[in-house]
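Structure first, then comments.
Both backbone and side-chain heavy atoms feed into the values below; hydrogens, waters and symmetry mates do not.
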Amino acid sequence: MKLSKLLDGIKVIAVKGDIDCDIEGVNIDSRRIGRNHLFIAVKGTQVDGHTYIGKAIEKGASAILCEVIPEDADSYGNVAFVQTDSTELNVGQIATAFYGNPTQKLHLIGVTGTNGKTTIATTLYNLFRQMGHHTGLLSTVVNCIDGEAIPTEHTTPDPITLNALLARMAEAGCEYVFMEVSSHSIVQNRIGGLHFAGGLFTNITRDHLDYHKTFENYLKAKKQFFDQLPKDAFAITNIDDRNGMVMLQNTKAEIKTYSIMKPADFKAKIIECHFEGMYLDINGEEVGVQFIGKFNVSNLLAVYGTAIMLGKAPHDVLVALSMMKPVSGRFESMRAPKGYTAIVDYAHTPDALENVLKAIHGVLDGKGQVITVCGAGGNRDRGKRPIMAQEAARQSDRVIITSDNPRFEEPEDIIRDMMAGLDEQQRTKTLTITDRREAIRTACMLAQKGDVILVAGKGHENYQDIKGVKHHFDDKEVLAEAFKNN
């Protein structure tokens, strides 16, 4: 594709060289640059791509999009330099153009919010495949192209990787793609240039304040997604969240609502609940599902509403929903030979932990004790650590605070931050065990028949991130091992 064509719609400040050259690849990572590629120098949060312009040219880049043309640009021969006011703002649009505008060939649905994104996006992906459609998934756990799993590192990939994946999905004949949209990706314009057929809001609670600094900034980031939806799209919001309608104040999309507490377009209530699943009333029809807890009722309503907005018949959607299984590491239950139940869940925010514990108590109904094993991630929002501990202590009979992903912090420092949130009475029922494996084993030793152990924080993750190295660690494997030994 000609560079001049890729620059359509981009505000160009200055040009040095020939922009009629052919571009065979586009990238923001100089290590991935090849012959006749366009290198886009993005000023990231940790690295400034402008410092790698020379490296990119050495690897074969024939054109550079940058915010500042280097003073020695002439020394690079036939390389074309194009200056724009914001490479971060334009990279998505260029990536979309290079890969042939893949979202014009798909129904792309974005799911955003603090909790529930993975469950909703993955369940939609499974449901539409169950209903016979070629479907794609972009999620925290894995990216999928109609059954082909592709490992993922970020909730929302960079614009180049994202458009390359979407182009592969379109080429594979996918009709629908369900995508988690993180607040980081919205602020960093990773979704720029994409055409969304619909957007879903789940809820918003404290998270990522290490990046956004204030809750208001975090909320604005989420709202920006809905502000940018086109008028031919739909926007579905959870009105049980106090910011549910705030999200859609300025959207041009068609608005729909879901709720388990108020009148809404998509409404549900729990008829019966067990650890094996629930019976629900959804818009006047009963259905049995293999999910647990009020928070999952909200998640399933979002799935149901999306399917209806995409033209599916209500009864067909409910039949397909009854066959869906919970997402890996999201309220995943395991039954121990001793007669107690272990729940593995990704809950890593105070609100998520509260919701999971409420769901457990809703099933237990006072007939067993709750033992919670949890920690908090290193190099992330320190302010939520004591709140996490408080929530665990408030709703558990015993608490074991342990290591999560300490990253470059000392686990003991993180545990100390968590313990600072507990009063004297709460401390009497709380143990601190730095070794996560030992913490889980201890919980299993303490549990009696009829009790429930909640192992929270890591869910689907099969590693611990320690000092920059990912060591294999799977909560479910450790629990299975503990079941055999006690």
**Report entry** Partner of Val455 under side-chain contact (heavy atoms from CB on, under 4.5 Å), chosen from Ile371, Ile343, Asp475
**Finding:** Asp475

Requested in this report: Please report the shortest heavy-atom distance between Ala233 and Gly198, naming the atom on each side.
Outcome: CB-N, 4.1 Å

Report task. Kindly indicate whether the side chain of Leu310, heavy atoms from C-beta on, has any atom under 4.5 Å from the side chain of Ile109. Result -> yes

Report task. Measure the CG-CZ distance between Asp451 and Arg398 for me, rounded to the nearest 0.5 Å. Result -> 11.0 Å

Query raised in the report: Could you go step by step and tell me if Lys220 and Glu216 meet the salt bridge (charged side-chain N to carboxylate O under 4.0 Å, His left out) rule?
Result: CA-CA 6 Å; Lys220 284 179 179 176; Glu216 184 180 14; 3.7 Å; yes

Query raised in the report: Should Leu248 and Phe201 count as side-chain neighbours, where that means a heavy-atom distance under 4.5 Å?
Result: no

Query raised in the report: Between the main-chain N or O of Ile433 and the side-chain N or O of Thr402, is there a donor-acceptor pair closer than 3.5 Å?
Result: yes

Report task. Nearest 0.5 Å please: distance from the CZ atom of Phe226 over to the OG1 atom of Thr237. Result -> 6.0 Å

**Report entry** Distance (rounded to the nearest 0.5 Å) between Ile415 CD1 and Ser403 OG
**Finding:** 6.5 Å

Query - Gln224 side chain vs Ala221 backbone, donor-acceptor pair below 3.5 Å - result: no

Query - Distance in Å, Asn189 CG paired with Asp158 CG, rounded so as to fall on 0.5 Å steps - result: 13.0 Å

**Report entry** Pairwise distance CD1(Ile387) to CG(Leu353) - rounded to 0.5 angstrom
**Finding:** 11.5 Å

Requested in this report: Validate the cation-pi geometry between Lys267 and Tyr304: distance from NZ or CZ to the six-membered ring centre under 6.0 Å, angle to the ring axis within 45°.
Outcome: no

Query raised in the report: Between Asp240 (side chain) and Ile260 (backbone), is there a donor-acceptor pair under 3.5 Å?
Result: yes

Query raised in the report: Counting only heavy atoms not in Lys105, do more than 12 fall under 6.0 Å of its NZ?
Result: yes

Query raised in the report: Above 12 or not: heavy atoms from other molecules or residues under 6.0 Å from CD of Gln249?
Result: yes

Query raised in the report: How far apart are the C-alpha atoms of Lys384 and His348, what are their side-chain angles, what is the distance that settles it, and do they pass the side-chain contact (heavy atoms from CB on, under 4.5 Å) test?
Result: CA-CA 9 Å; Lys384 72 179 182 184; His348 60 283; 4.1 Å; yes

**Report entry** Side-chain ion pair, Lys467 and Glu410, N-O less than 4.0 Å
**Finding:** yes

Report task. For residues Ile204 and Tyr218, determine if any side-chain heavy atom of one lies less than 4.5 Å from a side-chain heavy atom of the other. Result -> yes

Query raised in the report: Under a 4.0 Å N-O cut-off, is there an ion pair linking Arg168 with Glu171?
Result: no

Requested in this report: For Met324 and Phe291, work out which heavy atoms get closest and say how close.
Outcome: O-CE1, 3.6 Å

Query - Side-chain donor or acceptor of Lys117 paired with backbone N/O of Ser182 under 3.5 Å - result: no

Query raised in the report: Given the rule in the side-chain contact (heavy atoms from CB on, under 4.5 Å) test, do Gln448 and Gln369 qualify, once you have shown the distances and angles that lead to the verdict?
Result: CA-CA 8 Å; Gln448 302 297 317; Gln369 295 205 327; over 6 Å; no

Query raised in the report: Do you know the tightest heavy-atom contact between Phe295 and Ala359?
Result: CE2-CB, 3.7 Å

Query raised in the report: With sequence neighbours excluded, what pairs up with Tyr176 under the ring pair (Phe, Tyr, Trp, His ring centres under 6.0 Å) test?
Result: His107, Phe128, His133

Query raised in the report: Which heavy-atom pair separates Ala172 from Ile145 by the least distance, and what is that distance?
Result: CB-CG2, 3.8 Å

Report task. Taking all non-hydrogen atoms of both residues into account, name the closest pair between Leu357 and Ala392 and its distance. Result -> CD1-CA, 4.1 Å

Requested in this report: Over 60° means perpendicular and under 30° means parallel, so classify the ring planes of Phe196 and Phe225, tilted if in between.
Outcome: perpendicular

Query raised in the report: With a 4.5 Å heavy-atom cut-off, do Leu127 and Met323 have their side chains touching?
Result: no

Query raised in the report: Counting only N and O atoms by type, is there a donor-acceptor contact under 3.5 Å from the side chain of Thr341 to the main-chain atoms of Arg335?
Result: no

Query raised in the report: Would you call Lys429-Asp397 a salt bridge at under 4.0 Å N-O?
Result: no

Query - Worked check of side-chain contact (heavy atoms from CB on, under 4.5 Å) between Ile191 and Met179 - result: CA-CA 11 Å; Ile191 57 173; Met179 172 182 173; 3.6 Å; yes

Query raised in the report: Should the pair Glu424-Arg427 be classified as a salt bridge under the 4.0 Å nitrogen-to-oxygen rule?
Result: no

Query raised in the report: Under 3.5 Å, side chain of His472 to main-chain N/O of Asn462, donor-acceptor pair present?
Result: yes

Requested in this report: Could you point out which residue of Arg380, Glu461, Arg436, Gln464 forms a side-chain hydrogen bond (donor to acceptor under 3.5 Å, both in side chains) with Asn405?
Outcome: Glu461

Query - Asp265 side-chain N/O to Thr257 backbone N/O, donor-acceptor pair under 3.5 Å - result: yes

**Report entry** Lys294-Asn355 side chain donor-acceptor pair, cut-off 3.5 Å
**Finding:** no

Requested in this report: Count the heavy atoms belonging to other residues, nucleotides or ligands that lie under 6.0 Å from CZ of Arg129, then report whether that count exceeds 12.
Outcome: yes

Query raised in the report: Is any NZ, NE, NH1 or NH2 atom of the basic residue among Arg385 and Glu409 found under 4.0 Å from an Asp or Glu carboxylate oxygen of the other?
Result: yes

Query raised in the report: Is the shortest heavy-atom distance from the side chain of Ile360 to the side chain of Phe331 under 4.5 Å?
Result: yes

Query raised in the report: Thinking salt bridges, do Glu354 and Lys358 make one under a 4.0 Å N-O criterion?
Result: yes

Query raised in the report: Side chains of Thr430 and Met418: does their closest heavy-atom pair fall under 4.5 Å?
Result: no

Query raised in the report: Could you give the distance from CG (Asn283) to CG (Leu318), rounded to the nearest 0.5 Å?
Result: 8.5 Å

Query raised in the report: Is the closest side-chain donor-acceptor distance between Lys476 and Ser328 under 3.5 Å?
Result: yes

Requested in this report: Step through the shown structure and confirm whether more than 12 heavy atoms of other residues, nucleotides or ligands are within 6.0 Å of OH on Tyr340.
Outcome: yes

Query raised in the report: Would you say the side-chain atoms of His361 pair up with the backbone N or O of Gln395, donor to acceptor, closer than 3.5 Å?
Result: yes

**Report entry** Donor on one side chain, acceptor on other, Asn238 and Thr202, under 3.5 Å
**Finding:** no

Query - Chi angles and distances behind the side-chain hydrogen bond (donor to acceptor under 3.5 Å, both in side chains) call for Asp351, Asn203 - result: CA-CA 10 Å; Asp351 181 68; Asn203 49 66; 5.1 Å; no

Requested in this report: Show your reasoning for whether side-chain contact (heavy atoms from CB on, under 4.5 Å) applies to Glu391 and Met388.
Outcome: CA-CA 5 Å; Glu391 197 56 58; Met388 290 280 290; 5.9 Å; no

Requested in this report: Please report the closest heavy-atom contact between Ala121 and Glu180, naming both atoms and the distance.
Outcome: CB-CG, 4.1 Å

Query raised in the report: Mind checking whether Asp404 and Ile414 have side chains closer than 4.5 Å, heavy atoms only?
Result: no

Query raised in the report: For the side chain of Asn296 and the backbone of Asn299, is there at least one donor-acceptor N/O pair under 3.5 Å apart?
Result: no

Requested in this report: Give a yes or no on this: more than 12 heavy atoms of other residues, nucleotides or ligands lie within 6.0 Å of atom NE2 of His315.
Outcome: no

Report task. Answer yes or no: is there a donor N or O on one side and an acceptor on the other, between the side chain of Lys269 and the main chain of Asp281, under 3.5 Å? Result -> no

**Report entry** Ionic contact status for Asp417 with Arg382, cut-off 4.0 Å
**Finding:** yes

